[in-house]
Amino acid sequence: MTTLAERLAAALVSDEQTALIAGDDGDLSNGVALTAAAVLVAVTDRARPGVLLTQRTETLRRHAGQIAFPGGRLDPGEDAVTAALREAEEEIALPRTVVEVIGASDRYRTGTGFDVTPIVGVVPPDLPLVPSEAEVADVFEVPLDFLLDRTNHQPRTATWQGRERAYYELLWGERRIWGATAGMIVNLSRRLRWAA
C-alpha cells in the first residue's frame with residue numbers, strides 16, 4: 001500500500017500543457033521587483049487528507065483577516081523550502097522536523113509584490129498547533145478533496161485600485177478563501193493528478 005507522501009509525489013506531475021494562473025489579475029511586468037516568498041501546503045496524513053490553513057489577525061497591516069497558507073518572505077540565504085518550514089513553525093508552531101516535503105508547486109505572483117513558491121508537504125494529523133498571536137487568529141483544516149474539486153472554484157471580479165480584477169473564491173462553511181491563496185489552490189488542482 002502506498003503512503004500519502006508517495007501518492008502526492010506521484011500526483012504532482014509537471015505538464016507543460018496545464019493552464020495555470022501566473023498570478024493575481026494585474027500587470028506585474030512593468031519592471032517591479034517582486035519579493036521572493038514561500039508558503040507551506042501542509043497536507044494531513046489521514047484517511048481523508050486535509051490541508052492546514054490560517055486566518056490572519058485583523059490587526060495586520062497587509063491581508064488582515066484573510067485565509068492563507070502559513071508562509072512569508074524568504075530571509076537572506078534561504079531557499080523556498082527552508083522559508084516555508086520556518087514560517088509554518090513561527091506562525092502555527094508546526095515543527096519543521098515532522099514535515100515530509102514532497103516538492104514545490106507552481107510559483108504565483110501577487111498584486112502586492114510577492115513571487116510565492118508553494119511547498120507541498122505531508123504532516124501527521126491532529127498536531128497541537130498554536131497560532132502566533134501577532135499574526136494568526138486561527139488554524140483550521142479543509143479536506144484536500146474539497147480544495148481540489150473544481151466545482152468549488154468560483155470565478156469572481158471586483159474593482160480594486162480603479163480596475164476590475166478577476167480572482168477565485170472558495171467557500172468552506174463560514175470561511176472565504178480567495179485571492180492569492182485561492183489562486184494557488186486552483187493551480188494545485190490543475191497540476192495535481194489526484195484520485196481520492
Go through the structure and list residues passing ring-ring contact (aromatic ring centres under 6.0 Å, His included) with Phe146, not counting sequence neighbours.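 Partners of Phe146 under the ring-ring contact (aromatic ring centres under 6.0 Å, His included) test: Trp172.
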Is the terminal nitrogen or CZ of Arg175 (NZ for Lys, CZ for Arg) located under 6.0 angstrom from the six-membered ring centre of Phe140 and within 45° of that ring's axis? yes
Hey, does [Y] have a side-chain heavy atom less than 4.5 Å from the side chain of [X]?
X: Thr181; Y: Tyr168; result: no
X: Arg191; Y: Asp106; result: yes
X: Leu4; Y: Val43; result: yes
X: Phe69; Y: Leu40; result: no
X: Met184; Y: Val39; result: yes

Taking only residues at least two apart or on different chains, which pairs with a member in residues 117-129 satisfy side-chain hydrogen bond (donor to acceptor under 3.5 Å, both in side chains)?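 Found Arg46-Asp126.
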Flag yes if more than 12 heavy atoms outside Arg86 fall under 6.0 Å of its CZ atom; otherwise flag no.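 Atom CZ in Arg86 is packed in, count exceeds 12.
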For [X], what residues pass the side chain to side chain contact (heavy atoms under 4.5 Å, CB included) criterion, not counting sequence neighbours?
X: Val130; value: Ala93
X: Thr151; value: Asp149
X: Thr97; value: Pro95
X: Leu127; value: Leu94, Val98, Val123, Pro124, Leu129

Taking a hydrophobic cluster as the set of Ile, Leu, Val, Met, Phe, Trp and Tyr residues connected by side-chain heavy atoms closer than 4.5 Å, whether directly or through intermediates, do Leu74 and Val101 fall within one such cluster?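 No; Val101 is not reachable from Leu74 via cluster members.
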For Val136, is there any backbone N or O sitting under 3.5 Å from a side-chain donor or acceptor partner on Ser132?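 Between the backbone of Val136 and the side chain of Ser132 there is no qualifying donor-acceptor contact (under 3.5 Å).
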